[in-house]
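Reviewing the structure listed below.
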There are 2 protein chains.
Amino acid sequence: MQKTLDFYFDFISPYAYIGSTQIDALAARHGRTATWRPVLIGVTIMKVMGMKPLTETPLKSDYLRHDGARMAKIYGVPFNYHGLKGINSVAACRAFLWLKERDAELAQRFARRIFARLWVDGRDITPAEEVVKEAAALGADGEALAEAIATPEVKQALNVAVDHAIANGVFGVPYFIADGEPIWGTDRLWMLEHWLKHGSWDGAGAAVLGHSSG
Amino acid sequence: MQKTLDFYFDFISPYAYIGSTQIDALAARHGRTATWRPVLIGVTIMKVMGMKPLTETPLKSDYLRHDGARMAKIYGVPFNYHGLKGINSVAACRAFLWLKERDAELAQRFARRIFARLWVDGRDITPAEEVVKEAAALGADGEALAEAIATPEVKQALNVAVDHAIANGVFGVPYFIADGEPIWGTDRLWMLEHWLKHGSWDGAGAAVLGHSSG
């Protein structure tokens, strides 16, 4: 099987943000490069799965609030939780796809900037003009980008990306697919690391549990 | 804060089964004893959270099917997946609570037997008479148990256990609460181990990711 590593993300997920801070170094440790794939997880969750957003699910929403901050601490990254009311990532995801076609490295820096804007600075990422400003500040052609993300072609590109993700079974983010092996969640990076290192599951549990630590 | 370790489980969860094979040894490595607490997770999920069971959720159900077998392999335990149609754990949970009041060690062996019956042997655990037979085979008083699990007192004990779990935020199984710290999932046993060992989250991510493995 071809060695591939896909990283599905949505800017509105705190877990995808935390995963985004780890994935490239993790991939590089095993000679891989992750392919960043934006999705609109709300579309998947609500329309395909018939579920409510986590933030509106009793019990789980409290856990999420505690767990986001905890996960950020576990991986040693800055983080400020917020409730996401009225926030969507449509413009940011469209911009990412357009940038990626032109300059993959710039697109990646843009994605990191958008993640940080939402999950560190606590600022909205919904307005297209703010998204364009962030890209322009990194060196992108703001005028061309502003025009592009309003075109049917770029809108369609995001629809295709979401359909592609659903077809591959992506139901949450971050979602990693390594050599066809699906791994959901920032809490499972240990599994991804084990798979990239060994290409099998043998010994994966013992490797992270302290069987020899007394 | 008092050092406590609660292990919430439901026999119908493949992840709770896998967690049940690890929790006692994990706790013992840190001088702890886990308190096993049965819940009816269907009640929590469907009534409190307004969600569908995982097995009926598109995309997630496929992942679950693949992941259950994978997790069993990761932790090196026997496992046979099945679809759980028409299966419930009400009688088994009631029996566990009644046994625990009388003989905690026997109750634990009974729980392991019920988990194995469902997730290794692939046999139904719903009928009260089958549940009673399993307990009797381990040395329990079958007649007294059969009578007990039909009484309002034992039914009420299980209701209280479920309410207690919901009040403590339990929304899935296995669910661990260590010293007030809530940890959901068999994929997070590494977090539980880190917490029991260090009592903090510092360095938890680096400990399970191969930062030094090249």
Side-chain angles (χ1 to χ4, degrees), chain A residues 18 22 25-26 29-30 44-45 48-52 56-63 66-67 69-77 166 168-172 175 181-194 196-197 200-214, chain B residues 18 22 25-26 29-30 44-45 48-52 56-63 66-67 69-77 166 168-172 175 181-194 196-197 200-214:
Chain A
I18 294 166
Q22 305 297 311
L26 197 161
R29 284 199 288 278
H30 305 284
T44 311
I45 290 174
V48 178
M49 299 175 74
M51 287 171 68
K52 290 179 290 192
E56 293 168 25
T57 304
L59 302 182
K60 220 166 187 171
S61 55
D62 294 338
Y63 184 81
H66 175 72
D67 193 48
R70 176 171 67 177
M71 273 290 168
K73 197 168 183 191
I74 282 173
Y75 292 110
V77 295
I166 293 172
N168 280 281
V170 175
F171 58 80
Y175 199 97
E181 196 66 34
I183 297 171
W184 170 47
T186 294
D187 45 7
R188 287 180 173 224
L189 288 173
W190 62 277
M191 283 177 60
L192 180 59
E193 180 108 55
H194 189 94
L196 294 183
K197 197 170 179 183
S200 85
W201 296 117
D202 298 333
V208 292
L209 296 186
H211 291 301
S212 59
S213 71
Chain B
I18 295 166
Q22 306 296 312
L26 197 162
R29 282 198 289 279
H30 305 284
T44 310
I45 291 174
V48 178
M49 300 175 73
M51 286 172 69
K52 290 179 292 192
E56 293 168 24
T57 304
L59 302 182
K60 221 165 187 173
S61 55
D62 295 338
Y63 183 82
H66 175 71
D67 193 47
R70 175 171 69 178
M71 273 292 169
K73 197 169 181 188
I74 283 172
Y75 291 109
V77 295
I166 293 172
N168 280 282
V170 175
F171 58 81
Y175 200 97
E181 195 66 33
I183 297 172
W184 169 47
T186 293
D187 46 5
R188 289 182 172 222
L189 287 174
W190 62 276
M191 284 177 58
L192 180 59
E193 181 108 54
H194 189 94
L196 294 183
K197 197 171 179 181
S200 87
W201 295 118
D202 298 334
V208 292
L209 296 185
H211 290 299
S212 59
S213 71

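Computed from a prediction, not measured in an experiment: that's the story for all the values here. Every chain is numbered from 1, with letters handed out A, B, ... down the list of sequences. Side chains included, hydrogens not; waters and symmetry mates left out as well; all remaining heavy atoms used.
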task = For chain A, find which of P182(B), G185(B), A204(B), G203(B) contributes the most heavy-atom pairs closer than 4.5 angstrom.
result = P182(B)
note = Applying a strict 4.5 Å limit to non-hydrogen atoms, the region of L26(A) in contact with chain B is side chain
key: Part of H66(A) lying under 4.5 Å from any heavy atom of chain B   = side chain
task = Could you tell me which portion of I183(B) (side chain, backbone, both or neither) has an atom closer than 4.5 angstrom to a non-hydrogen atom of chain A?
result = both
query = Can you tell me if Y63(A) uses its side chain to pair, donor with acceptor, with the backbone of V170(B) under 3.5 Å?
reply = no
inquiry  = Under the rule for side-chain contact (heavy atoms from CB on, under 4.5 Å), what residues qualify as partners of D62(B), not counting sequence neighbours?
reply    = none
task = Report the residues that fulfil salt bridge (charged side-chain N to carboxylate O under 4.0 Å, His left out) with D187(B), sequence neighbours left out, ordered by chain and then residue number.
result = R188(A)
query = Looking only at atom types and distance, does a side-chain atom of H194(B) sit under 3.5 Å from a main-chain N or O of L209(A), one as donor and one as acceptor?
reply = no
